[in-house]
There are 2 protein chains.
Amino acid sequence: MEKTNALSAFAALSQPLRLEVFRLLITRGEDGMLAGEIAHAMDVRQNTLSANLSVLLHAGLVRNTREGRAIRYFADTEGLRGLLGFLLQDCCGGRPELCQPLIEDLTCGC
Amino acid sequence: MEKTNALSAFAALSQPLRLEVFRLLITRGEDGMLAGEIAHAMDVRQNTLSANLSVLLHAGLVRNTREGRAIRYFADTEGLRGLLGFLLQDCCGGRPELCQPLIEDLTCGC
DNA sequence: TTCACATTTCAATAATTCATGAATTATGGA
DNA sequence: TCCATAATTCATGAATTATTGAAATGTGAA
């Protein structure tokens, strides 16, 4: 991941609606959700959601695919991994002892 | 870490200067850097840097301590860990098999 | 075709964020 | 005390971002 990508991803996650949408999509895994379903779940208008999904999309944090006249969105796990990798890559600065405990203690809490 | 904290942290990291400053501080570890040194390294004015350091500070991503008339800044590793933990905690959504590969493949690249 | 549905795109306004110059606070030394 | 240094705070204008209503696109069914 490049710096520009990372900046886009952080910006995308720094907006309440987008952070919630991303978290929601993450919990859905490969089931994903239709844009309309997400809009209903989040209680926002379709065009507002659409604009924000577009931001997440360009940041590489979600993917989508058309299903008839609806569009299904998924969290992009690869994108998230790239972002975390970027952060952790820059965290070491030649000092592996700094990263080691940081990575070791990470759990998903489940 | 709460949602509000996470939003602050993502917003803080979504600005080019702040992302660079944070990465720089991470590489310095416990040596940290004086505010003036950072401003010089980044080639920005003191008040511009100060405003941005303040954002990182309130986001819990850096710490500081006074040294005479100078102020030394450090990356807050705990804050970073909290942020990553927040992301990963919400990534599982009851499906540990989603997180496992994400965490396992993470390395700091050194 | 024609219509309805799901979603996106567009244009405009409202809100937020950013860098700057000027002023202020805090510390140390003469 | 008085001055110089290090950094922060404040107010302003410029730039960016977000939400909305309206219009447009794309798909499927009658």
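Quick caveat: nothing in here was measured; it's all calculated off a predicted structure. Heavy-atom basis, side chains included; hydrogens, waters and symmetry copies ignored. Every chain is numbered from 1 and lettered A, B, ... according to where its sequence line falls, protein lines coming before strand lines.
In this structure, the nucleotide among D/dA18, C/dA19, D/dA7 sitting nearest to the side chain of B/Gln15 is C/dA19. Counting only heavy atoms from C-beta on, A/Ala70 has its side chain closest to C/dT7 among C/dT8, C/dT7, D/dA7. Counting only heavy atoms from C-beta on, A/Asn47 has its side chain closest to D/dA22 among D/dA22, D/dA7, C/dT7. The A/Ile71 side chain lies nearest to C/dT7 when the options are C/dC18, C/dT7, D/dA4.
One interatomic measurement links the two molecules: CG of B/Asp43 to P of C/dA19, which rounds to 13 Å at whole-angstrom precision. A/Leu56 has its CG atom 16 Å from the C1' atom of C/dT8, to the nearest Å. Spacing between atom CG of A/Leu7 and atom P of C/dT17 amounts to 16 Å, rounded to whole angstrom units. If you measure from atom CG of B/Leu53 to atom C1' of C/dC18, you get 15 Å, rounded to the nearest angstrom. With rounding to whole Å, A/Ile38 atom CD1 is found 14 Å from C/dT8 atom C1'. Rounded to whole angstrom, the span from the CZ atom of A/Arg69 across to the C1' atom of C/dT8 amounts to 16 Å. Rounding to whole angstrom units, CG of residue B/Leu34 and P of C/dG28 are separated by 14 Å. When rounded to the nearest whole Å, the span between CG of B/Leu13 and P of C/dT17 equals 15 Å.
Side-chain contact between B/Leu83 and B/Phe10 is present, with at least one heavy-atom pair separated by less than 4.5 Å.
Under the 4.5 Å side-chain contact rule for hydrophobic residues, B/Met42 and B/Leu19 share a cluster.
Panel note: side chain B/Arg28, backbone B/Tyr73; no donor-acceptor pair is recorded below 3.5 Å.
Ranked by how close their nearest DNA chain D nucleotide is to the 5' end, A/Arg66 and A/Leu17 are led by A/Leu17. Comparing A/Val44 and A/Glu67 against DNA chain D, the residue whose closest nucleotide sits nearer the 5' end is A/Val44.
The CD1 atom of B/Ile71 sits 8.5 Å away from atom OG1 of B/Thr65, with the distance rounded to the nearest 0.5 Å.
The phosphate of D/dT8 (OP1 or OP2) has a side-chain N or O of B/Tyr73 nearer than 4.0 angstrom. The phosphate of D/dT20 (OP1 or OP2) has a side-chain N or O of A/Thr48 nearer than 4.0 angstrom. The side chain of A/Asn52 places an N or O atom within less than 4.0 Å of a non-bridging phosphate oxygen (OP1 or OP2) of D/dT19. Not one side-chain nitrogen or oxygen of B/Gln46 sits closer than 4.0 Å to the OP1 or OP2 atom of C/dA22.
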Is there a salt bridge (charged side-chain N to carboxylate O under 4.0 Å, His left out) between A/Glu78 and A/Arg63? Walk through the geometry before answering.
CA-CA 10 Å; A/Glu78 276 305 308; A/Arg63 306 175 273 117; over 6 Å; no
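Using a 4.0 Å heavy-atom cutoff across all strands shown, A/Arg18 reaches sugar-phosphate atoms only and no base atom.
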